[in-house]
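Read through the structure below, which is laid out as structure tokens, and then see the notes.
Bear in mind the structure is a predicted one, so any value in this text is a computation, not a measurement.
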Amino acid sequence: MATDTLKSTTGASGASAVRRLLLDNGALTALIALVIAMSALSGDFLTTDNLLNIGVQAAVTAILAFGVTFVIVSAGIDLSVGSVAALSATVLAWMATSQGVPVWIAVILAVATGIACGLVNGVLISYGKLPPFIATLAMLSVGRGLSLVISQGSPIAFPSSVSHLGDTLGGWLPVPVLVMVVMGLITALILGRTYIGRSMYAIGGNEEAARLSGLRVKKQKLAIYALSGLFAAAAGIVLASRLSSAQPQAAQGYELDAIAAVVIGGASLAGGTGKASGTLIGALILAVLRNGLNLLSVSAFWQQVVIGVVIALAVLLDTLRRKAGATPVAAGTGAPGGRGKQAATYIIAAVVAAAVVGAMSFLHNGSSSSATKKVGLSLSTLNNPFFVQIKSGAQQEAKKLGVDLTVTDAQNDASQQANQLQNFTSSGLGSIIVNPVDSDAAGPAVRSANKAGIPVVGVDRGVNKAETAALVASDNIAGGKLGAKAMAEKLGGKGKIVILQGLAGTSASRERGAGFAEGLKAYPGIEVVARQPADFDRTKGLDVMTNLLQAHPDIQGVFAENDEMALGAVKALGSKAGTSVSVIGFDGEPDGLKAVKDGTMYASVAQQPKELGRIAVENALNAAEGKKVEKTVMVPVKVVTKENVTGFGG
């Protein structure tokens, strides 16, 4: 009987051990499963270039997440890291270029900026008694605003000596990956081997008990948030180095990715648990998901859905783990030999993953007989009818020519677009079409495609400091000048107007605004009483125009840098639109042309987006097949008014 009981217990113990191993290493198990699945579904996933791309794309999120790990372990939250990253990079670029400060001093000032932002968060939370959510939400807004103020809303070229952080060592090993590994080791050291690391776990486990045991909780929180700011600054510098420019709008939403990586990696938002290795795995899961879904041509909108589901499942797993008594061990604690077991687990996992992935590679024979017929199209955003029409024209032409077209949406994020272009390059496409979020920021990724021998075609906007086979575009500067001329002629050369600007930092907004300003020089009687950004968005156009009317009720004209903002302005103006106030938009999108026809908008500087998409695909295929293409293909722009709107084809 005793023997039977022992056998039964042993069997149960074995099953329990396996179950506990899976629960305790849920994130690692999920990463292995994802790698295997993506390897099976896409023959492009397992290439060396693509795996290095994943590391590069995970780097910025991972570095941010390492800093956030300190905060979450101590039961806090930091929503400001994305804005602090952008601000730190902007400070570095501004100091080193506009102010002529030596680069090494500019780097120190950038890091100091990140630490200062973290200290302000810590003071507000520890001594101001603000909830961490509110304090860091305020810093999110302040950091982003200061970044825009310093840069005047435009990207600033990054010093070449620092831009090497975005390069590779030996021509193959990405520096961002090395920085990520170093920052991860520092995080693990702080959490597992230092007094402040142990304090984080104590505060996160029970803050009051930590205080009663003699910990100076307030001072510890200052240090914790300062560390988060330091890591955010490092992430910002790495991100700007990849893009060769400091983007004032960079890293938007990255704070949510950082928090997600920490939670997916096994940390609890309740505090007291978390480790550097788990955070790294969480960041890699997000990068593998985005990379794999890009390779599989999954819509960017669905990608957000999938990532949201993964985060929800990670939290659910944390709940199940706690109920099962499989609470993760805090770094630097646990029974003797625990670290050895953990290391053994990672080694076994790596061996298993390598074996299975190697087997999966036999599922793909690497056939690329129709490589030239595969084209990637990276659009700056699909949250705008103009770019939706470019996509539509491109898809129609691709279907006609038998081209396999993959379309991605960068969501106006230059770094996300860089990732997408890198994924296209590692997929070995015949050619790539890019509509840059920013012409400078797209340069490094396009240069990588140049090195791989993949022709790149720009559409609507050009790419700076890189080779493109062709540029298919309308002239935004010329369009801005046409808009100024149309406005002046409508107002008889005199009047007060306001300008609704696009998304700060985008080349389209800069060029259209510059063209309009240049055109107005010929009409000194036109006075611009206000300029305000509305981010190319109709709702923001409505809100901004409503506010401007309070200060300037006597305006006679509105120039909006796209039709969406113009339509928002029309809504705000009400009965004034088309009567006492003339509104001019830009793009010639369907809703804008309808408003012109109805008389609520005076005019739209109309491009032909479907034609842009069609010609871009045609040129991309010709470039892939080695045929001669024109370096610049200009699609005509014209001012469409009520008199000629009926005959305009769009």
Which pair of non-hydrogen atoms, one from Leu612 and one from Phe386, has the smallest distance, and what is that distance?
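Closest approach of Leu612 to Phe386: CD1-CZ, 3.9 Å.
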
Ring geometry between Phe516 and Phe559 (parallel below 30°, tilted from 30 to 60°, perpendicular above 60°):
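Phe559 and Phe516: parallel rings.
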
Any salt bridge linking Asp563 with Lys594? Criterion: basic side-chain nitrogen under 4.0 Å from a carboxylate oxygen.
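Looking at Asp563 and Lys594, the cut-off is not met.
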
Does Lys631 pair with Glu467 as a salt bridge, N-O distance under 4.0 Å?
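Result for this pair is yes, salt bridge flagged.
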
For residues [X] and [Y], determine if any side-chain heavy atom of one lies less than 4.5 Å from a side-chain heavy atom of the other.
X      : Y      : value
Gln395 : Leu405 : yes
Arg447 : Ser244 : yes
Met601 : Leu567 : yes
Leu148 : Gln249 : yes
Val181 : Leu178 : no
Val182 : Val179 : no
Asp438 : Gln247 : yes
Asn412 : Gln252 : no

Taking atom CD of Gln99 as the centre, does the number of heavy atoms from other residues, nucleotides or ligands within less than 6.0 Å exceed 12?
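Enclosed.
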
Kindly check if the number of other-residue, nucleotide or ligand heavy atoms within 6.0 Å of CG (Asn383) is above 12?
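No, because the 6.0 Å sphere around CG of Asn383 holds 12 heavy atoms or fewer from other groups.
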
Run the side chain to side chain donor-acceptor pair (under 3.5 Å) test on Ser426 and Asp49 for me, step by step, so that the C-alpha distance in whole Å, both residues' side-chain angles and the decisive distance to 0.1 Å come before the verdict.
CA-CA 6 Å; Ser426 62; Asp49 285 344; over 6 Å; no

Under the side chain to side chain donor-acceptor pair (under 3.5 Å) test, residues paired with Thr468 that sit two or more places apart
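So Thr468 forms no side chain to side chain donor-acceptor pair (under 3.5 Å) with any residue.
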
Arg531 side, atom CZ; Glu561 side, atom CD - distance, nearest 0.5 Å:
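It is 9.5 Å, given to the nearest 0.5 Å.
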
Residue pair Asn464 / Ser439, side-chain donor-acceptor N/O under 3.5 Å
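The criterion, which ignores hydrogens and geometry beyond distance, is not satisfied for Ser439 and Asn464.
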
Report yes or no: do Thr61 and Asp257 form a side-chain donor-acceptor pair below 3.5 Å?
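Side-chain D/A pair, Thr61 to Asp257: absent.
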
Show, in sequence, the C-alpha distance, side-chain angles and deciding distance for Gln389 and Asp587, and conclude whether the side chain to side chain donor-acceptor pair (under 3.5 Å) test is met.
CA-CA 11 Å; Gln389 286 187 290; Asp587 282 344; over 6 Å; no

